[in-house]
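Some notes on the structure that comes next.
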Amino acid sequence: MRSFLALLKRDMLLAYRQGSALTMTLSFFVIAVTLFPLGVGPELNVLARIGPGVLWVGALLACLLTLDRIFQADFEDGTLEQLMLGPLSIEFIVLTKIIAHWVMSVLPLIAITPILAISLNVHADGIWAMIFSLLIGSPVLSLIGAVGAALTVAMRRGGVLLSLLVLPLYIPVLIFGVASVEAAVALMPMAPHLMLLGGLSLGALVVCPFAAAAALRLAVE
Amino acid sequence: MSLYAQSLTCIRQDRLIFNAVDLSLNPGEILWVKGRNGSGKTSLLRILACLLKPATGIVSWNGTDIEEDPEHYKENLQYVGHQDALKMAMSARENLEFWSDYTENSTVDQALDAFQLQPIADHPTQILSAGQKKRSNLARLIACPAPLWILDEPVSSLDTDYIGLFKDLLEKHVRNGGMALLATHQDLSLSRVRQLDLNQISEVAR
Amino acid sequence: MNEFFEMGGYGNFIWSSYGLSAGVLIFLVIISVRQLRQVERDLAPLEETRRSFRKRPVKEGATS
Amino acid sequence: MAIDLHKYANPTRFLRIANAIFPWSIVTTVVLLATGLYLGLFVSPADYQQGETVRIMFVHVPAAWMAMSVYSMMAVSSAAGLIWKHPVADLSAKAAAPIGACFTFLALVTGSLWGQPMWGAYWVWDARLTSMLILLFLYLGYMAVWGSFEDQSKAAKAAAILVLIGAINIPIIKFSVDWWNTLHQPASVATMDGPKIHSSILTPLLIMGLGYTSLFVTIFIIRVRTEILGRRLRMLRVNQLQE
């Protein structure tokens with residue numbers, strides 16, 4: 001348990017120290033979302049209609065940017081193989097890194113979503129639904145993303161391939177996430193969508209650490 | 001506490017690296033793995049550090065195959081590879097604190113003293129020289145004590161007086177009942193050294 | 001006869017989908033066969049040297 | 001004493017079986033496709049609702065069937081490759097991927113060509129077509145993984161992991177796309193089912209399906225031979241350097 005906390009503390013410390021990476025992700029998310037009104041036009045009712053979708057797609061793509069650094073940094077300087085020689089099993093190491101990535105990269109995205117939601121004229125309780133759906137659905141982004149990152153860690157130009165591998169698997173999260181926000185805006189019950197999102201997250205929590213660990217083993221060989 | 005490997009074969013990217021390597025290592029001994037570049041020194045060490053699966057052959061620690069109980073075997077070994085396992089954004093002290101925390105030890109200060117790293121312990125490793133980085137990496141051997149040391153070119157970027165320092169530490173480790181597997185080109189003229197020359201083995205395998 | 005090709009006004013949709021299907025599948029067959037020929041052509045000389053290598057007295061312990 | 005390096009480089013048993021059934025698969029493919037096309041184009045009547053365009057179904061539906069069954073076959077053989085380390089398993093998955101991708105592409109294009117006369121638009125975000133499009137991305141991702149590893153045995157394991165993750169996700173994606181489709185169901189769109197399948201349409205459809213399957217087997221044998229000989233070539237070339 002002490003080594004789990006040590007690794008978690010170290011990863012968060014590193015993410016905090018390299019704050020620039022986080023600001024870049026947040027600024028990408030803000031810029032990407034503000035492009036839409038410029039492209040689609042300023043009519044508020046149109047923006048309100050496409051708001052939830054734009055925010056979810058923006059959050060998803062911003063999260064994608066941070067994925068390849070999960071294992072790449074440790075793989076390049078030899079830390080990853082030392083971690084694997086430590087007491088923690090590889091699955092646990094992967095889980096720790098996913099938690100660190102989720103807290104340090106995905107939570108800040110969720111934190112600034114309300115401000116952007118207001119700029120897209122999303123209805124008030126739609127913003128609450130947006131935060132809930134992001135909170136429940138975003139673990140899947142980190143989990144499946146970690147599998148993609150582990151697969152591409154030993155590749156030459158892994159970044160491009162990472163998005164091709166991971167985005168198709170993000171589609172269910174996107175669909176249920178946006179559906180729950182639209183249900184909230186239309187004053188319909190959003191519980192079923194959120195429950196499905198929760199199911200996706202739990203399912204990913206069970207499968208992805210093992211898949212990512214298997215992918216890491218062959219990368220370190 | 002003895003390491004024993006039988007008929008190890010290594011295939012990397014469909015290429016036969018070495019074939020039918022046997023070795024044994026007992027407490028108080030150093031095995032010096034020699035061989036020209038590409039003869040598989042690093043691959044052999046990585047197989048023994050269970051970072052690489054051999055195509056055939058078994059490695060056993062205290063008589064039990066390491067595949068059956070890798071956790072126990074990993075607790076007893078420390079591997080120093082070509083790369084310095086240091087995070088550049090953290091200082092040498094923070095790195096060593098993490099490693100000793102991670103392997104549930106607490107011997108950071110002895111490690112820093114052993115490699116005379118106290119003066120530069122708090123600078124970010126980014127600005128350290130190659131030799132200082134290598135010493136910070138080697139300091140992990142003291143920060144996380146383990147009976148078996150697997151060292152791949154440990155003294156490659158050290159200058160002469162620090163090589164002497166490392167030699168004494170290595171011999172002290174072996175005198176206290178530890179053991180070491182060493183792959184290097186420099187002749188460290190260590191006492192109680194056995195040699196394993198991969199060149200002859202790869203010739204036979206052709 | 002051309003009434004047959006007319007296909008009740010939808011001729012071009014039907015024939016283009018059939019034509020495209022045939023085209024893509026035949027293209028796939030041709031590529032696969034050509035790749036196979038290429039590999040066999042590259043392999044032939046190597047197999048030859050291996051067979052001659054085996055006829056000479058085999059060095060002790062050499063891989064078969 | 002030295003291991004026979006070429007043991008798993010020339011799995012003769014697999015090649016022998018493949019060579020034996022190869023001529024037969026060519027014959028069955030030609031026969032099945034000929035009868036299927038003949039029945040489909042000449043014999044079966046035009047549909048009372050869709051008229052002649054229903055004939056596109058004979059090319060569209062078999063392609064869609066093959067797209068999905070090839071992916072599941074790849075998942076099964078990759079799992080075999082990972083679990084039992086069967087040397088030919090991952091090569092057969094690699095050989096099948098491009099064929100599956102072609103079938104998926106054909107299903108998409110013929111689907112949109114069928115959509116134009118029926119709904120007046122080449123691309124309608126219909127649940128089935130959308131799922132097929134996502135399946136195409138999975139195929140492209142799989143093939144890209146093979147291309148980006150130097151070490152082929154690593155590429156095999158990475159691709160196997162990816163196709164298994166994909167296989168787990170396909171039902172979830174299918175379910176979520178159907179869910180999404182019912183949420184945004186524009187009233188007017190008739191679904192792809194079209195008429196209740198009448199036997200005069202069903203028989204050519206099944207024959208075309210079998211024809212596509214045996215066509216897949218034929219191309220598959222060619223591609224697997226290429227992969228196996230390719231690996232043997234790499235091995236000989238690499239080891240020849242040492243001799």
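Predicted model, so just to flag it, every value in this text is computed and none were measured. Chain letters run A, B, ... following the sequence lines, proteins first, then strands; residues in each count from 1.
Summarising the geometry of Val59(D) relative to Ser21(C), their closest heavy-atom pair is CG1-OG, 2.7 Å, with the distance given to 0.1 Å. Looking at every heavy atom in both residues, Ser32(C) comes nearest to Ile219(D) through OG-CG2, 3.7 Å. When all heavy atoms are compared, the tightest approach of Phe103(D) to Leu25(C) is CE2-CD2, 3.8 Å.
Using a 4.5 Å cut-off on side-chain heavy atoms (C-beta onward), Phe58(D) and Ile14(C) make no contact. Between Val29(C) and Thr218(D) there is no side-chain heavy-atom pair separated by less than 4.5 Å. Side-chain contact check for Glu47(C) versus Leu236(D): some heavy-atom pair is nearer than 4.5 Å.
Contact of Val24(C) with chain D is made through the side chain alone, with heavy-atom distances under 4.5 Å. Only the side chain of Leu215(D) comes within contact range of chain C, judged by heavy atoms closer than 4.5 Å. For Phe220(D), no part lies under 4.5 angstrom from a heavy atom of chain C.
Atom CE of Met235(D) is separated from atom CG of Leu46(C) by 13.0 Å, given to the nearest 0.5 angstrom. Taken to the nearest 0.5 Å, the CG atom of Leu106(D) stands 6.0 Å off from the CG atom of Leu20(C). Taken to the nearest 0.5 Å, the CG atom of Leu43(C) stands 9.0 Å off from the CZ atom of Arg237(D). To the nearest 0.5 angstrom, Arg232(D) atom CZ is 14.0 Å from Asp42(C) atom CG. Taking OG1 of Thr226(D) as the start and CZ of Arg37(C) as the end, the distance is 9.5 Å to the nearest 0.5 Å. Here Trp15(C) contributes atom CH2 and Leu113(D) contributes atom CG; the two are 14.0 Å apart, rounded to the nearest 0.5 Å.
Environment of CH2 in Trp24(D): sparse, with no more than 12 heavy atoms of neighbouring residues, nucleotides or ligands closer than 6.0 Å. More than 12 heavy-atom neighbours from other residues, nucleotides or ligands sit within 6.0 angstrom of OH on Tyr18(C). Counting heavy atoms of neighbouring residues, nucleotides and ligands inside a 6.0 Å radius, atom CZ of Phe22(D) exceeds 12 of them.
Partners of Phe13(C) under the ring pair (Phe, Tyr, Trp, His ring centres under 6.0 Å) rule, at least two apart in sequence or in another chain, do not exist in this structure.
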